[in-house]
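Reminder, nothing fancy here: chain letters follow the sequence lines and each chain counts from 1.
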Protein chains: 2
Amino acid sequence: MPRSPNAESPSGRVDAPDAPDVPNPGVAHDAPTIPEPDIRLAQDLLFFAYRDFTNAADVILEELGLGRAHHRALHFIGRNPRITVSDLLLILRITKQSLARVLGALVEQGYVAQAPGPDDRRQRLLSLTGKGAALEQRLFKRQVERLAPAFSQAGPAAVEGFRAVMRAIMDQTARDYMDGGGGDGG
Amino acid sequence: MPRSPNAESPSGRVDAPDAPDVPNPGVAHDAPTIPEPDIRLAQDLLFFAYRDFTNAADVILEELGLGRAHHRALHFIGRNPRITVSDLLLILRITKQSLARVLGALVEQGYVAQAPGPDDRRQRLLSLTGKGAALEQRLFKRQVERLAPAFSQAGPAAVEGFRAVMRAIMDQTARDYMDGGGGDGG
DNA sequence: ACATTAGGACAGTATTATTGACTCAAATGG
DNA sequence: CCATTTGAGTCAATAATACTGTCCTAATGT
């Protein structure tokens, strides 16, 4: 099993926005049949852009003996303070055991704090410590250095298009996360 | 993709947040200082879109006992017939040993053929066999099923913007590859 | 009381990557 | 001709990230 066993998983925080003009997901009924070269180009774009985007923070991570998995956890905890372990697992779509190693290191090194849930004391609500927030800011800055010039250069209209396309590429579950409090209100 | 030791570029062009309104003669024009929420959003978009894009082909790969590394090699060999091993390494940015295992499996299972270079007989020019092209088509189809509806839904203008932004995110090396024969001409 | 849930832990394995050193054959240059 | 470099392959060891299955505790809920 290479990666994720399932492509879709029913998530918790589903705040269903009624889809606009999405007919049947998966099948383009009347779609103008995108030419193959356009798709080929998009494959390359996704590979190179994602690779170089993620590479941006690697120097800092390596200094600290952390990896990208730690960065991802840090990012999503920072964006969702007091998130439960379960909800974080749903976002990352990795197994509990995979997260445990990464999260354990982050807690042990004082980047992430755990607090018992007020309603359910079994929960360990995750938040960044001051140290964790500082590191996340450092990592974030590196990615800003890559993304901001790209956005400026491409212009606001292009950025709008970028957002629309990227959003349409991901699954409904991920769209739901982004619409519901994920990252902007939680 | 766990990590790469070489980040390859501190991305020379960095606009300092401390120096806001300085006109920048070198590049297009000065950045209107992209708001942090826009960058945060883009981080999430890149994570989810890339994840779900790559997941699309996983079912087929798993059937065949192959991984994403095999898919990437298959993709870039398909797009660059008779590519040398060295050039493939430059595109993928992995080590010879990492490629060797993947490439060995693809050759052994008859997906990729090696031919001695006509000018330099040390080279083993890589191409897809019929079987390899068929598999690549199958994998490609899965990704079309994810990308084509996204493109149709977002519209041509959005796709243009998507391309501009993604292109601007990657390093110069990758842009050069895409401009030069990479993928469309050889 | 009992089943379920949240979280953690242990043991083992797979994939993809890394480094370093080494071989071999072909090309290249004094 | 011979020495060096280069393209490719290989061996051995290791790291990071992920997976599986199983078991455990404590809190919840019925």
Side-chain angles (χ1 to χ4, degrees), chain A residues 1-7 9-10 12 47 51 54-55 57-58 61-74 77 82-90 92-108 112-126, chain B residues 1-7 47 51 54-55 57-58 61-62 64-74 77 82-90 92-108 112-126:
Chain A
M1 304 233 169
R3 279 287 128 25
S4 309
N6 54 354
S9 62
F47 174 71
R51 183 194 62 182
T54 53
N55 270 351
D58 278 355
L61 292 170
E62 207 165 334
E63 263 176 32
L64 300 172
L66 301 175
R68 286 185 192 161
H70 301 89
H71 187 186
R72 285 193 293 272
L74 222 45
I77 293 171
R82 297 179 70 73
I83 191 176
T84 64
V85 171
S86 302
D87 284 348
L88 185 54
L89 285 173
L90 288 175
L92 296 173
R93 287 207 200 148
I94 55 177
T95 55
K96 201 169 34 161
Q97 292 70 19
S98 292
L99 181 58
R101 180 181 31 80
V102 165
L103 203 51
L106 292 175
V107 169
E108 193 185 334
V112 169
Q114 294 168 309
D119 304 327
D120 186 335
R121 285 190 321 241
R122 289 171 305 179
Q123 297 175 335
R124 310 285 171 88
L125 306 187
L126 305 170
Chain B
M1 283 201 223
R3 66 203 314 149
S4 284
N6 54 347
F47 174 72
R51 182 194 64 182
T54 52
N55 271 351
D58 278 355
L61 293 170
E62 206 167 332
L64 301 173
L66 300 175
R68 285 185 194 163
H70 301 88
H71 187 185
R72 285 194 293 274
L74 222 45
I77 294 171
R82 297 180 68 72
I83 190 176
T84 64
V85 172
S86 303
D87 284 348
L88 185 53
L89 286 173
L90 288 176
L92 295 173
R93 285 205 204 150
I94 56 177
T95 55
K96 199 169 38 159
Q97 291 70 20
S98 292
L99 180 58
R101 181 180 28 77
V102 165
L103 203 51
L106 292 175
V107 170
E108 194 185 334
V112 169
Q114 294 168 309
D119 303 328
D120 187 335
R121 285 191 320 242
R122 288 172 305 179
Q123 297 175 335
R124 310 285 170 88
L125 307 187
L126 305 169

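Rounded to an integer number of Å, the gap from B/L74 CG to C/dT16 C1' is 17 Å. Straight-line distance from the CG atom of A/L90 to the C1' atom of C/dA6: 12 Å, rounded to whole Å. Separating the CG atom of B/L61 from the C1' atom of C/dT16 is a distance of 14 Å, rounded to the nearest angstrom. The CD atom of B/Q114 sits 10 Å away from the C1' atom of D/dG9 (whole-angstrom rounding). Between the CG atom of A/L125 and the P atom of C/dG7 there is a distance of 8 Å, rounded to whole Å. Counting to the nearest Å, the C1' atom of D/dT20 and the CD atom of B/E62 are 13 Å from each other. Distance A/R68 CZ to D/dA18 C1': 15 Å, rounded to the nearest Å. Distance B/D87 CG to D/dT6 C1': 14 Å, rounded to the nearest Å.
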### Query
How does each nucleotide of nucleotides 23-28 of chain C score, in 5' to 3' order, for protein heavy atoms under 4.0 Å: base (B), sugar-phosphate only (S), or none (-)?
--BBS-

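Contacts of B/R101 classified as side-chain hydrogen bond (donor to acceptor under 3.5 Å, both in side chains), with partners at least two apart in sequence or in another chain: none. Scored by the side-chain hydrogen bond (donor to acceptor under 3.5 Å, both in side chains) test, B/E108 finds no partners at all (sequence neighbours excluded). A/S98 pairs by the side-chain hydrogen bond (donor to acceptor under 3.5 Å, both in side chains) definition with A/T95, not counting sequence neighbours.
Listed pair A/T95 / D/dA18 fails the phosphate criterion, with no side-chain N or O lying under 4.0 Å from OP1 or OP2. Contact check, B/H70 against C/dT16: a side-chain N or O comes under 4.0 Å of OP1 or OP2. B/S86 has a side-chain polar atom (N or O) that falls below the 4.0 Å cut-off from OP1 or OP2 of D/dA8. Under 4.0 angstrom from either OP1 or OP2 of D/dG7 there lies no side-chain N or O belonging to B/R124.
Side-chain contact between B/I83 and B/L125: absent, with no pair of heavy atoms (C-beta onward) separated by less than 4.5 Å.
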### Task
Could you please spell out the steps behind the side-chain contact (heavy atoms from CB on, under 4.5 Å) verdict for A/D58 and A/R68?
CA-CA 7 Å; A/D58 278 355; A/R68 286 185 192 161; 2.6 Å; yes

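Counting only heavy atoms from C-beta on, A/I94 has its side chain closest to D/dC19 among C/dA6, C/dT16, D/dC19.
Taking CG from B/L99 and CZ from B/R93, the interatomic distance works out to 15.0 Å, rounded to the nearest 0.5 Å. Going from atom CG of B/L74 over to atom CG of B/L61 covers 8.5 Å, rounded to the nearest 0.5 Å.
For residues 116-126 of chain B, the pairs satisfying salt bridge (Lys or Arg N to Asp or Glu O under 4.0 Å) are B/D120-B/R122, with sequence neighbours left out.
Contacts with DNA chain D (heavy atom under 4.0 Å) in residues 96-108 of chain B: B/K96, B/Q97, listed by number.
Results of the side chain to side chain contact (heavy atoms under 4.5 Å, CB included) test with B/V85 over B/L88, B/D87, B/L89 single out B/L89 as the only residue that passes.
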